[in-house]
S.K.: 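Below is a structure I'd like to ask you about.
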Amino acid sequence: MLKKKSIGIALACALALGAWSGSTFATPINVGGVVWDPSSPLDLTVQALNFRESSVASVGDVLTGYGVIGSFNGTNEATFCPGCNLNFTFQYTVSSIIGNQVEFSPGAISFFVDNTSSFNVLNPATAGVGTPWLTLSGHTGSVLGFAGTAQLFSAIVGTVANPLTGSNGIGFLDATGGAAASYFQTHTQADGLGGFADFTLNSEFLSSAVRTCTGISPDPANVCHYPITGTATLIGRSVVPEPNEMGLLGLGLAFLGLLVRRRGKEADGRV
């Protein structure tokens, strides 16, 4: 007869294997050539070290921009995107301007994996290039000190059209499309309205036109169309698909089944 103690040990092993899978077999994740470790203490921190964006001045103006990701959970491009780059484009519509506060809705950011590693910050045409990887759509929230609800909030030093050092932004985003979306749909970031977004966005920016530009170009394919530069950080959490955990839990249960079968044979041999 199978002893209760043996059953208990086998069940404990099954559960331990299931739990262990979350931290061991979940890493690293590779989606379309982008590699990251969800067990990293920094998960999830994604940083754009130098983006460029257009200037806005009135409600209804559309802010557009582009850049490339320089750090993913603290690792550099050679580690998280070997032989490729993770570039992005974005656009937000100005919905409110009150003094030095600007609110934007709607908005979105699109990420692409470019296996030619051709990104050049001085050439906007090299952004939005490659295989679509992730789409982040603006999530409506509220930020202390701002009058309304929006998807992106900016506090400006200087003027709206010509922001100076100290200008910053904060926003909320949800993963809504692309091969990587399901890894980031964790709803961990409080939106100030009682709900949760997948990401918060924090940015700093200032006017700093490329030296060869003599004015703002109307051509979005020209770097002189984007007189503002900045840095941005996306904060969220990534998840591990369930099949990995369930697979190891199944392995543990299989171990339990083998133990039961072995004990049964031993019992039959004594009859």
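Counting begins at 1 with the first residue of the sequence.
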S.K.: Checking N168 side chain against G166 main chain: does a donor-acceptor pair fall under 3.5 Å?
M.R.: yes

S.K.: State, to 0.1 Å, how close S117 and N85 come at their nearest heavy-atom pair, and which atoms those are.
M.R.: CA-ND2, 3.2 Å

S.K.: For the residue pair D114 and N87, confirm or rule out a side-chain donor-acceptor distance under 3.5 Å.
M.R.: no

S.K.: Rounded to the nearest 0.5 Å, what separates atom CG in D174 from atom OG1 in T135?
M.R.: 12.0 Å

S.K.: What are the two closest heavy atoms between S137 and T176, and how far apart are they?
M.R.: OG-OG1, 2.8 Å

S.K.: What's the separation between atom NE2 in H139 and atom CG in L193, rounded to the nearest 0.5 Å?
M.R.: 7.0 Å

S.K.: Grab the two heavy atoms, one from V239 and one from I29, that are nearest each other, plus how far apart they are.
M.R.: O-CD1, 3.8 Å

S.K.: Between E204 and T231, is there a donor-acceptor pair closer than 3.5 Å when you use the side chain of the first and the backbone of the second?
M.R.: no

S.K.: Compare every heavy atom of V34 with every heavy atom of C81, then report the nearest pair and how far apart it is.
M.R.: SG-CG2, 4.3 Å

S.K.: Is the count of non-hydrogen atoms from other residues, nucleotides or ligands lying under 6.0 Å from Q91 atom CD greater than 12?
M.R.: no

S.K.: Distance only, no hydrogens: is a donor on one side chain within 3.5 Å (strictly under) of an acceptor on the other, for T186 and D198?
M.R.: no

S.K.: Flag the pair S207 / P227 as yes when at least one side-chain heavy-atom distance between them is below 4.5 Å, and no otherwise.
M.R.: no

S.K.: Are F184 and F199, when compared by the centres of their aromatic rings, separated by less than 6.0 Å?
M.R.: yes

S.K.: If we ignore angles and hydrogens, is there a donor and acceptor under 3.5 Å between the side chains of S40 and D43?
M.R.: no

S.K.: Should H225 and D219 be marked as a side-chain hydrogen bond (donor to acceptor under 3.5 Å, both in side chains) after you check the CA-CA gap, both sets of side-chain angles, and the distance that decides it?
M.R.: CA-CA 6 Å; H225 184 72; D219 180 8; over 6 Å; no

S.K.: Do side-chain atoms of S95 reach the backbone of P106 as a donor and acceptor pair under 3.5 angstrom?
M.R.: no

S.K.: What distance separates T140 OG1 from E103 CD, expressed to the nearest 0.5 Å?
M.R.: 10.5 Å

S.K.: Specify the closest pair of heavy atoms between S154 and F146, including all atoms of both residues, with the distance to one decimal.
M.R.: O-CE2, 3.5 Å

S.K.: Identify the two heavy atoms, one from F172 and one from A197, that lie closest to each other, and give their separation to 0.1 Å.
M.R.: CB-CB, 4.0 Å

S.K.: Report the C-alpha distance between E53 and F205 in whole Å, list the side-chain angles of each, state the deciding distance to 0.1 Å, and finish with yes or no for side chain to side chain contact (heavy atoms under 4.5 Å, CB included).
M.R.: CA-CA 9 Å; E53 67 182 25; F205 52 90; 4.1 Å; yes

S.K.: Determine yes or no for a side-chain-to-main-chain donor-acceptor pair under 3.5 angstrom, with S58 supplying the side chain and D61 the backbone.
M.R.: no

S.K.: Quick one: do L206 and S167 satisfy side chain to side chain contact (heavy atoms under 4.5 Å, CB included)? Show the steps, please.
M.R.: CA-CA 6 Å; L206 75 159; S167 300; 5.9 Å; no

S.K.: Does S105 reach the main-chain N or O of Q151 with its side chain, forming a donor-acceptor pair under 3.5 Å?
M.R.: yes

S.K.: Distance check, rounded to the nearest 0.5 Å: D191 atom CG versus L173 atom CG?
M.R.: 12.0 Å

S.K.: In terms of side-chain heavy atoms, does S238 have a donor or acceptor partner in W36 at a distance below 3.5 Å?
M.R.: yes

S.K.: Out of curiosity, S208 OG to R52 CZ, how far, rounded to the nearest 0.5 Å?
M.R.: 6.0 Å

S.K.: Counting only heavy atoms not in Q101, do more than 12 sit closer than 6.0 Å to its CD atom?
M.R.: yes

S.K.: Establish whether V56 and I97 are linked, either directly or via other cluster members, by ILVMFWY side-chain heavy-atom contacts under 4.5 Å.
M.R.: yes

S.K.: Pairs in or reaching into residues 101-129: which pass ring-ring contact (aromatic ring centres under 6.0 Å, His included), with residues at least two apart or in two chains?
M.R.: F88-F111

S.K.: For the rings on Y66 and Y226, is their centre-to-centre separation under 6.0 Å?
M.R.: yes

S.K.: Does E77 form a side chain to side chain contact (heavy atoms under 4.5 Å, CB included) with V68? I'd like the steps, not just the answer.
M.R.: CA-CA 10 Å; E77 183 179 89; V68 68; 4.0 Å; yes

S.K.: Return the CG to CH2 distance between L86 and W133, rounded to the nearest 0.5 Å.
M.R.: 5.5 Å

S.K.: Could you go step by step and tell me if T89 and T64 meet the side chain to side chain contact (heavy atoms under 4.5 Å, CB included) rule?
M.R.: CA-CA 8 Å; T89 60; T64 60; over 6 Å; no

